[in-house]
Amino acid sequence: MAGRKRPSMQDDIQQRQQESFVGREDRLAAFREQLTLLYGDRRRRYVLSVFGQGGVGKTTLLREFGRVAAEAGALSALIDDNESGAPQAMHRLVTRLRETG
C-alpha cells in the first residue's frame, strides 16, 4: 500500500455516516435539483422546512442537506424550533450564514 494515505478517524466516521444514510435518496435528489435551478425559476425554493415526529431522522437529513449544499458551493444554516419567535430564528439564521459565508 505504498503511496496511499491512510484515512483519518474523522474521514472514516464521515464515510460511515454517508454509507449508513439510506432511504432518503428522493429527498436528496430533489434538494440537489433545487441547487441547480436559476434564481428566476418558479420551481426554486429558498427556505426549506423539515418537520416530523422525534427520532425519524430529521437532523440527520438536514445535516446531509448541509453537506450537499457545501459540495455545491451554497451556503446553508441549520436552526431548530428552540427560538421564541420568528425574529429570533431569523437573527440566528443570519448569524449562522455569516459564520459560514
Side-chain angles (χ1 to χ4, degrees):
M1 289 198 179
R4 289 184 67 189
K5 181 184 171 194
R6 185 175 175 190
S8 69
M9 184 176 12
Q10 183 177 1
D11 293 335
D12 187 47
I13 290 170
Q14 185 177 27
Q15 181 67 32
R16 289 181 191 199
Q17 287 173 338
Q18 290 172 6
E19 289 172 357
S20 66
F21 187 79
V22 295
R24 301 285 178 94
E25 290 82 7
D26 57 336
R27 302 285 191 253
L28 287 173
F31 184 70
R32 281 188 182 97
E33 179 185 18
Q34 283 293 312
L35 294 172
T36 66
L37 296 175
L38 298 175
Y39 292 112
D41 193 317
R42 294 288 209 195
R43 297 172 296 162
R44 186 174 173 118
R45 301 294 175 249
Y46 296 97
V47 176
L48 174 65
S49 176
V50 175
F51 60 93
Q53 292 180 311
V56 298
K58 296 179 300 294
T59 300
T60 302
L61 177 62
L62 290 172
R63 286 185 181 139
E64 192 67 11
F65 283 167
R67 185 188 64 75
V68 168
E71 286 178 355
L75 293 177
S76 67
L78 175 61
I79 60 171
D80 55 31
D81 62 355
N82 289 329
E83 302 302 328
S84 60
Q88 292 81 7
M90 295 305 292
H91 175 73
R92 188 167 164 200
L93 177 61
V94 168
T95 301
R96 294 238 173 128
L97 289 172
R98 283 184 180 151
E99 291 169 356
T100 60

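Computed from a prediction, not measured in an experiment: that's the story for all the values here. FYI, the numbering just counts along the sequence from 1.
- Residues satisfying the side-chain hydrogen bond (donor to acceptor under 3.5 Å, both in side chains) test with R63, not counting sequence neighbours, are none.
- Linking ILVMFWY residues whenever their side-chain heavy atoms come closer than 4.5 Å, directly or via other members, leaves F65 and L37 in distinct clusters.
- Here the closest heavy-atom approach between residue R42 and residue R45 is recorded as O-NH1, 3.0 Å.
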Exercise. Between L28 and E25, is a side chain to side chain contact (heavy atoms under 4.5 Å, CB included) present by the stated rule, with each step listed?
Worked result: CA-CA 5 Å; L28 287 173; E25 290 82 7; 5.6 Å; no
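- Nearest heavy atoms, L97 versus A77: CD2-CB, 3.9 Å.
- Listed by chain and number, the residues in a salt bridge (charged side-chain N to carboxylate O under 4.0 Å, His left out) with D41 are R43 (sequence neighbours excluded).
- Heavy atoms only, all atoms of each residue included: K58 and G55 are closest at NZ-N, 4.3 Å.
- By the 6.0 Å contact criterion, CZ on R44 is enclosed, its count of non-hydrogen atoms from other residues, nucleotides or ligands being greater than 12.
- Side-chain contact between E64 and T60: absent, with no pair of heavy atoms (C-beta onward) separated by less than 4.5 Å.
- In terms of heavy-atom proximity, G57 sits nearest to R24 at O-NH1, 4.0 Å.
- Smallest separation of non-hydrogen atoms from S76 and G66: OG-CA, 3.7 Å.
- When hydrophobic clusters are built by joining Ile, Leu, Val, Met, Phe, Trp and Tyr residues whose side-chain heavy atoms come closer than 4.5 Å, directly or via intermediates, V56 is not grouped with V50.
- Applying the ring-ring contact (aromatic ring centres under 6.0 Å, His included) definition to pairs two or more places apart or across chains, none involves residues 34-64.
- Partner of T95 under the side-chain contact (heavy atoms from CB on, under 4.5 Å) criterion, chosen from R98, R92, E99: E99.
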